K.L.:
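Quick one: the structure is below, questions incoming.
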Amino acid sequence: MEYNFREIEKKWQQYWRDQHTYQSEIKADKPKYYVLDMFPYPSGAGLHVGHPLGYIASDIFARFKRLKGFNVLHPMGYDAYGLPAEQYAIQTGQHPEVTTVKNIARYREQLEKIGFCYDWNREVRTCDPKYYKWTQWAFMQMFKSYYNTELDKARPIDELIAYFEKNGSEGCNAATNGKNAFTAEQWNAMTKVEKENALMDYRIAYRGNTMVNWCPKLGTVLANDEVSEGVSLRGGYPVVQKMMSQWCLRVSAYAGRLLRDLDNLDWTDSIKETQRNWIGYSEGAEMQFPLVGSDEKMLIFTTRADTIFGVTFMVLAPESEYVEKVTTAEQKAAVEAYLDEVKHKTERERMIEKKVSGVFSGSYAVNPVTGKNIPIYISDYVLAGYGTGAIMAVPAHDSRDYAFAKHFNLDIVPLIEGADVSEESFDAKEGIVMNSNNDKLQLNGLQVKEAIAKTKKFIEEEGIGKVKVNYRLRDAIFSRQRYWGEPFPIYYDADGQPQVIEESELPLQLPEVDKFLPTESGEPPLGRAKNWVATNDQPLELCTMPGFAGSSAYYLRYMDPHNDEALVGEEANGYWRQVDLYVGGTEHATGHLIYSRFWNKFLFDYGYVCEAEPYKKLFNQGMIQGRSNFVYRIKDTNTFVSLNLKDEYDVTPIHVDVNIVSNDVLDIEKFRAWRPEFADAEFILEKDKYICGWAIEKMSKSMFNVVNPDDIVDRYGADTLRLYEMFLGPVEASKPWDTNGIDGVNRFLKKLWNMVFDGDAVRLTEEKPTADNLKTLHKLIKKVTADVEVLSYNTSVAAFMICVNELYTQKCVSKAIFDELIVVLAPFAPHITEELWHVLGHEGTICDAQWPAFNEEYLKESNVKYTVMFNGKPRFNIEVPVGTDKAEVERLALSDKGAEKWLAGKAPKKVIVVPNKIVNVVV
RNA sequence: GCUCGGAUGGUGGAAUCGGUAGACACGAGGGACUUAAAAUCCCUUGGCCUUUAGGCUGUGCGGGUUCAAGUCCCGCUCCGAGUACCA
């Protein structure tokens with residue numbers, strides 16, 4: 001019988017569907033294992049061969065765990081809200097939902113063809129009202145909460161109100177972006193609107209006036225992780241900074257926990273490091289600098305308190321609230337001109353220019369330690385969003401301050417012994433301090449680290465400032481001026497104050513609109529919706545939530561996808577708890593993976609979920625790059641010359657569709673048919689073949705290097721695709737897609753098939769396995785068990801090939817051997833093994849088989865081979881019985897007749913015996 | 001600039017705690033079967049020198065530690081990823 005993968009794969013995929021083989025449910029008596037893939041955005045292009053890489057890896061793991069006796073949860077769904085569908089809707093008028101549903105259907109079809117063991121009964125779509133009800137619900141809880149910094153968790157906002165009524169804002173231990181302090185009397189005297197405005201500065205989901213990344217081309221704001229190098233990640237359009245009132249999530253309140261809890265996660269160091277950098281812990285001091293001729297004090301943040309004696313000026317961010325206060329009448333025009341200039345620069349321009357710019361405010365501040373007056377400047381190299389938006393400038397020891405001082409001709413006072421600051425600043429935090437003594441504080445002679453500590457202590461004692469930790473992590477901007485996203489469960493009352501709708505009104509469904517564009521008056525698309533009001537007739541919020549809203553808690557929903565009472569029920573959450581293995585790309589390190597951890601922690605604070613972290617182990621698969629092929633056309637002709645002959649001609653390389661090239665050999669007939677202009681192409685061949693050139697490029701339509709998994713499945717079968725993608729190299733490595741080796745794994749499957757079948761009959765017999773058979777099999781089991789546990793699949797596939805080759809050489813026909821072999825292979829190649837499972841007379845599905853244990857007994861050798869080396873060079877081998885002691889091995893090695901030649905009559909200086917491996921003789 | 005990875009045959013990649021580098025696969029070369037092709041099977045395949053056997057050399061470059069280094073240490077070169085005025 002032929003190995004007919006098309007028939008086999010179709011048959012078993014249908015069987016698995018009919019039998020609900022992959023449906024999972026709570027089994028209290030069984031240990032659980034939750035394997036999750038990052039769910040895809042269903043784009044119009046469908047899956048390409050890069051997508052399944054991670055899915056195959058996790059699928060193998062899920063199947064492996066199931067065979068090992070775990071109750072496995074392995075779901076899949078769709079991150080269905082997103083820009084492409086909306087952009088497409090704007091261009092064509094096609095409702096994004098229609099596009100999305102169509103794309104999802106295509107994805108599903110493609111995924112099924114590869115034979116994944118997903119429990120489709122648990123599928124989620126972020127755009128489904130039944131799903132986004134819980135996205136809205138979580139937002140609502142965040143709106144009703146504040147962050148208690150003492151308990152280090154979210155608490156109901158009512159508790160904070162009670163506190164304000166009694167004590168005012170003094171000592172309230174709440175994370176806030178507000179600066180206004182008030183007493184209990186002041187609070188109680190506030191109007192309703194004033195109180196609500198004050199509370200807004202404390203809510204975890206809050207409306208705030210913040211600098212946002214505004215993308216004019218997309219007509220929406222973007223989060224920091226959606227912007228890279230001054231342009232939008234999607235589309236690459238310029239982004240400008242703009243002050244806007246937006247919904248935000250107080251992610252920054254969780255910075256400390258997000259950082260600390262990283263330590264206990266089983267993630268790669270590189271992705272933990274990326275998150276640490278993004279969170280950006282920095283310990284320093286906040287210091288007050290009194291303004292000359294005023295009671296006003298300005299707060300700065302520094303990590304270099306020790307350099308206080310070298311402060312020769314101060315700099316404010318252009319957006320700082322101090323700017324207005326320090327600008328003198330004489331400087332007013334100059335300052336305004338500068339602010340105007342800054343405002344009109346895009347992020348990108350600011351970055352490209354990197355030119356020193358700034359303006360003198362006219363005012364001076366007093367250095368609180370030296371008592372000297374120092375000028376206050378305004379410059380955009382100071383960021384409003386970090387620290388206090390104001391700095392003390394120490395040009396001798398900060399390169400940015402240095403450039404600024406040189407440009408404006410300000411004093412540069414060196415503070416570290418031996419540091420030469422004539423050409424550039426000395427930024428390193430090391431050396432011995434000098435020029436830093438007066439009657440209040442003496443730092444001279446100290447190491448920088450000691451000086452920092454001493455200064456911090458001093459300023460706290462003197463009441464000049466306090467020790468402070470700052471994080472780079474900002475609050476997440478949560479509004480998008482778009483149509484295709486979750487509506488906010490928010491309406492605006494008669495005073496224009498945002499209020500949450502009733503929980504019973506959830507889900508608040510996305511309304512229909514006539515066009516997917518902003519309104520004429522510049523409101524977001526929801527402004528076009530008719531009757532877009534809450535049940536109390538008050539107008540609803542017009543913005544929608546960003547992409548990361550729906551993906552932040554989806555892993556919880558899979559645990560209990562049909563629950564209408566809760567995001568996830570207590571029983572389901574208590575059983576499945578958290579994701580044990582999460583597989584996806586590194587590109588989500590600073591976006592999804594931060595937001596999701598934040599979201600989970602918020603829910604955890606209220607006990608809605610039982611684990612503080614969503615993803616226990618994270619595995620990052622690499623990216624699949626494209627591998628393009630080229631043909632070489634001789635200039636001004638329609639003649640193409642093969643790769644190795646091209647240097648003799650004047651040629652232009654032309655991209656050729658990789659799907660008509662095999663092993664870099666061009667299919668000439670298909671090429672002629674590919675494009676009309678090539679119909680009468682002529683070729684100069686080498687060895688009767690046309691060899692194409694190649695290059696590694698991004699996988700894209702324009703390079704003709706997109707490979708669709710369906711084509712591979714069609715040609716070789718899903719099992720071959722799965723094995724090949726794993727065989728290509730480590731799953732975590734990025735690599736180009738290259739079909740050049742796919743025949744190898746296909747041959748392996750055919751060989752396995754042909755060892756089971758002899759014509760149409762089964763070749764295998766009940767014959768007892770030989771010692772060699774058992775050794776070969778158990779070597780495999782041992783290797784694969786260890787490799788799969790750490791997702792080292794490429795070496796596993798190699799082990800299968802070795803095993804089958806050995807059994808072939810041994811002419812093994814023992815059914816007992818194959819019974820176990822196919823179980824070990826089943827996670828990798830589920831279809832062929834399922835077929836063989838039944839051919840060999842087993843019941844049910846191979847998915848429920850038991851992973852075989854390996855037996856060390858079979859692997860034991862009676863003799864051990866030692867390599868005898870002289871001065872580090874291997875010379876000959878000896879064999880000794882197992883368990884021979886070192887001294888005896890040494891004696892046998894030296895008395896072997898091969899040793900004579902290398903000893904040459906001399907006595908060995910030293911002999912090293914490495915158990916079971918090597919005898920090294922130093923002569 | 002900073003942080004983290006990486007560099008091994010013609011190619012993708014193996015190599016546990018430092019222990020015979022190049023597993024496995026592709027490609028290439030040779031052979032068997034075949035009228036022929038495909039498929040299948042067998043042999044060779046890092047380089048150099050001799051070829052019965054053997055010898056030398058070899059993991060980006062330069063040093064070091066060690067009986068022994070792809071692996072550990074120091075100093076470079078190149079490539080990739082992330083981040084970027086974070087005080």
Side-chain angles (χ1 to χ4, degrees), chain A residues 2 228-230 268-278 280-282 284-285 300-304 307 315 317 350-351 354 356 379-383 385-394 397-401 403-404 427 470-474 586-587 589-590 620 622-623 627 663-665 687 694 723-724 727-730 732-736 738-745 747-748 750-751 754 786 792 794-803 805 808 865-877 908-923:
Chain A
E2 279 271 295
S228 178
E229 297 186 358
T268 61
D269 289 334
S270 86
I271 203 147
K272 283 192 196 179
E273 200 56 32
T274 306
Q275 287 213 346
R276 286 195 188 104
N277 291 341
W278 187 260
Y281 176 91
S282 99
I300 61 95
F301 175 76
T302 182
T303 53
R304 294 294 303 271
T307 58
V315 188
R350 249 162 99 154
M351 239 179 277
K354 263 205 176 154
V356 177
S379 173
D380 66 357
Y381 84 85
V382 175
L383 304 175
Y386 184 77
T388 61
I391 61 157
M392 62 178 215
V394 186
H397 301 291
D398 183 289
S399 52
R400 295 151 304 175
D401 297 347
F404 195 83
D427 290 17
N470 250 315
Y471 294 97
R472 206 190 76 116
L473 184 71
R474 313 287 170 82
T586 47
E587 66 273 20
T590 55
N620 298 114
M623 298 239 271
R627 188 179 189 277
N663 287 352
D664 291 336
V665 177
K687 294 175 188 163
W694 58 272
L723 277 168
Y724 184 59
F727 185 63
L728 213 48
E732 65 270 28
S734 285
K735 57 218 155 216
D738 180 351
T739 42
N740 283 355
I742 198 163
D743 289 321
V745 288
R747 266 173 221 155
F748 156 73
K750 279 191 210 159
K751 189 161 189 168
N754 290 330
S792 172
N794 58 333
T795 48
S796 296
V797 179
F800 284 119
M801 291 176 177
I802 294 169
C803 175
N805 282 336
Y808 181 85
K865 229 187 234 174
Y866 279 83
T867 301
V868 182
M869 314 211 302
F870 284 81
N871 293 334
K873 295 224 179 283
R875 295 307 180 187
F876 60 90
N877 295 326
K909 281 185 197 150
K910 196 174 177 184
V911 182
I912 293 106
V913 180
V914 181
N916 305 331
K917 281 209 168 128
I918 279 170
V919 180
N920 193 12
V921 184
V922 185
V923 188

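Per chain, numbering begins at 1; letters A, B, ... match sequence-line order. Just so it is clear, the structure is predicted and the values come from calculations on it, not from any experiment.
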K.L.:
Within 90° of 0 counts as syn, otherwise anti: where does B:C17 fall?
P.N.:
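That one's syn.
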
K.L.:
Using the C1' atom on both, measure B:G9 against B:C24 and round to a whole Å.
P.N.:
14 Å

K.L.:
Quick one: A:K751 NZ to B:A39 C1', roughly how many Å, whole number?
P.N.:
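Between C1' of B:A39 and NZ of A:K751: 14 Å.
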
K.L.:
Partner of B:A14 by Watson-Crick or G-U wobble geometry, both contacts under 3.5 Å, or none?
P.N.:
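The base-pairing partner of B:A14, which may sit in any strand shown, does not exist here.
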
K.L.:
Distance check, C1' atoms only: B:C43 and B:G5, in whole angstrom units.
P.N.:
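After rounding to an integer number of Å, I get 41 Å for this pair.
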
K.L.:
Tell me: CH2 of A:W278 to C1' of B:U3, nearest whole Å?
P.N.:
15 Å

K.L.:
Drop me the distance from A:H397's NE2 to A:D427's CG, to the nearest 0.5 angstrom.
P.N.:
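It comes to 9.0 Å.
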
K.L.:
Using Watson-Crick or G-U wobble geometry with both distances under 3.5 Å, which nucleotide pairs with B:G27?
P.N.:
B:U45

K.L.:
If you round to the nearest 0.5 Å, how far is CG of A:L723 from CZ of A:F800?
P.N.:
7.5 Å

K.L.:
Rounding to the closest angstrom, what is the interatomic distance between B:A28 and B:C33 at atom P?
P.N.:
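It works out to 22 Å between them.
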
K.L.:
For B:C67, does OP1 or OP2 lie under 4.0 Å from any side-chain N or O of A:K910?
P.N.:
yes

K.L.:
When the P atoms of B:G6 and B:C72 are considered, how many whole Å apart are they?
P.N.:
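So the two P atoms sit 10 Å from each other.
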
K.L.:
Who does B:A87 pair with, Watson-Crick or G-U, both distances under 3.5 Å?
P.N.:
none

K.L.:
Over how many whole Å does the gap from A:K735 atom NZ to B:G5 atom P extend?
P.N.:
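Atom NZ in A:K735 sits about 19 Å away from atom P in B:G5.
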
K.L.:
In whole angstrom, give me the gap between the C1' atoms of B:U8 and B:A23.
P.N.:
13 Å

K.L.:
Would you please say whether a donor-acceptor pair under 3.5 Å links the side chains of A:N620 and A:T586?
P.N.:
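There is no such pair between these side chains.
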
K.L.:
Give the rounded distance in Å between these two atoms: CG of A:D398 and C1' of B:G1.
P.N.:
13 Å

K.L.:
Using both distances under 3.5 Å as the test, list the Watson-Crick or G-U wobble partner of B:U52, or none.
P.N.:
none

K.L.:
Over how many whole Å does the gap from A:N620 atom CG to B:G5 atom P extend?
P.N.:
14 Å

K.L.:
Would you measure the distance from the C1' atom in B:G22 across to the matching atom in B:G46 and give it in whole Å?
P.N.:
8 Å

K.L.:
Check for me whether A:K917 meets the cation-pi criterion with A:Y866, that is, NZ or CZ under 6.0 Å from the six-membered ring centre and within 45 degrees of the ring axis.
P.N.:
no

K.L.:
Can you say whether the rings of A:Y381 and A:F404 are parallel (under 30°), tilted (30 to 60°) or perpendicular (over 60°)?
P.N.:
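Tilted, since the angle between the ring planes falls between 30° and 60°.
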
K.L.:
If you measure from the P atom in B:U20 to the same atom in B:A69, how many Å do you get, rounded?
P.N.:
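Result for the P pair: 11 Å, nearest Å.
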
K.L.:
Using a cut-off of under 3.5 Å, enumerate the N/O to N/O pairs linking the protein to nucleotides 17-26 of chain B.
P.N.:
{"from": "B:A25", "atom 1": "OP1", "to": "A:N805", "atom 2": "ND2", "distance (Å)": "3.3"}
{"from": "B:C26", "atom 1": "OP1", "to": "A:R747", "atom 2": "NH1", "distance (Å)": "2.5"}
{"from": "B:C26", "atom 1": "O2'", "to": "A:N740", "atom 2": "O", "distance (Å)": "2.6"}

K.L.:
Could you check how far NZ of A:K909 sits from P of B:A68, rounded to whole Å?
P.N.:
11 Å

K.L.:
Watson-Crick or G-U wobble partner for B:G5, using a 3.5 Å limit on both distances?
P.N.:
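Paired with B:G5, as far as the under-3.5 Å criterion goes, is B:C79.
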
K.L.:
Can you check whether A:A589's main-chain N or O pairs, donor with acceptor, with A:Q275's side chain at less than 3.5 Å?
P.N.:
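Yes: the side chain of A:Q275 pairs with the backbone of A:A589.
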
K.L.:
Would you kindly compare A:R474 and A:E273 by the position of their nearest RNA chain B nucleotide and give the one closer to the 5′ end?
P.N.:
A:E273

K.L.:
For a side chain to side chain donor-acceptor pair (under 3.5 Å) check, start with the C-alpha distance between A:N470 and A:Y281, then their side-chain angles and the critical distance, and finish with the verdict.
P.N.:
CA-CA 6 Å; A:N470 250 315; A:Y281 176 91; over 6 Å; no

K.L.:
Under 3.5 Å, is there a donor-acceptor pair between the side chain of A:N805 and the main chain of A:M801?
P.N.:
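Pair found, side chain donor or acceptor close to backbone of A:M801.
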
K.L.:
Is there a donor-acceptor pair closer than 3.5 Å between any side-chain N or O of A:N920 and the backbone N or O of A:I912?
P.N.:
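Here the side-chain-to-backbone pair does not exist.
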
K.L.:
Check whether any side-chain N or O of A:R472 sits under 3.5 Å from a backbone N or O of A:W278 as a donor-acceptor pair, and report yes or no.
P.N.:
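Here the side-chain-to-backbone pair exists.
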
K.L.:
Between B:A32 and B:A15, how far apart are the C1' atoms? Round to whole Å, please.
P.N.:
35 Å

K.L.:
Please answer whether the main-chain N or O of A:S270 pairs with a side-chain N or O of A:K272 as donor and acceptor at a distance below 3.5 Å.
P.N.:
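The answer is no, because no donor-acceptor pair under 3.5 Å joins these two groups.
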
K.L.:
Would you mind calling B:G9 syn or anti? Take O4'-C1'-N9-C4 for purines or O4'-C1'-N1-C2 for pyrimidines, and syn is within 90° of 0.
P.N.:
syn

K.L.:
Name the pairs: protein N/O against N/O of nucleotides 48-56 of chain B, kept only if under 3.5 Å.
P.N.:
{"from": "B:G55", "atom 1": "OP1", "to": "A:R875", "atom 2": "NH1", "distance (Å)": "3.4"}

K.L.:
Under 3.5 Å for both donor-acceptor distances, Watson-Crick or wobble: does B:U20 have a partner, and if so which one?
P.N.:
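In the structure as shown, B:U20 has no Watson-Crick or wobble partner.
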
K.L.:
Would you kindly give the CZ-to-C1' distance between A:R276 and B:C2, to the nearest whole Å?
P.N.:
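In whole Å, B:C2 C1' lies 16 Å from A:R276 CZ.
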
K.L.:
I want to confirm an ordering. Mapping A:S270 and A:R472 to their closest nucleotides on RNA chain B, which one lands closer to the 5' end?
P.N.:
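Nearer the 5' end of the strand: A:S270.
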
K.L.:
Report the distance from atom OH of A:Y386 to atom C1' of B:A84, rounded to the nearest whole Å.
P.N.:
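That distance rounds to 13 Å.
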
K.L.:
For A:P736, which contact category applies under a 4.0 Å heavy-atom criterion: base, sugar-phosphate, or nothing?
P.N.:
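The residue A:P736 makes no contact with any strand.
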
K.L.:
Have a look at A:Y281 and say if it touches a base, only the backbone sugar-phosphate, or nothing, with a 4.0 Å heavy-atom cut-off.
P.N.:
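Since no nucleic acid heavy atom lies under 4.0 Å of A:Y281, the category is nothing.
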
K.L.:
What is the pairing partner of B:U40, taking Watson-Crick or G-U wobble pairs with both distances under 3.5 Å in any strand?
P.N.:
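B:U40 is paired, partner B:A32.
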
K.L.:
Rounded to the nearest 0.5 Å, what's the gap from CG on A:N277 to CG on A:L473? Could you check?
P.N.:
12.5 Å

K.L.:
Please state whether the phosphate of B:A87, meaning OP1 or OP2, lies under 4.0 angstrom from any side-chain nitrogen or oxygen of A:S282.
P.N.:
yes

K.L.:
Paired with B:U65: which nucleotide, if any, by Watson-Crick or G-U wobble criteria at under 3.5 Å for both distances?
P.N.:
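By the stated definition (distances under 3.5 Å), nothing pairs with B:U65.
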
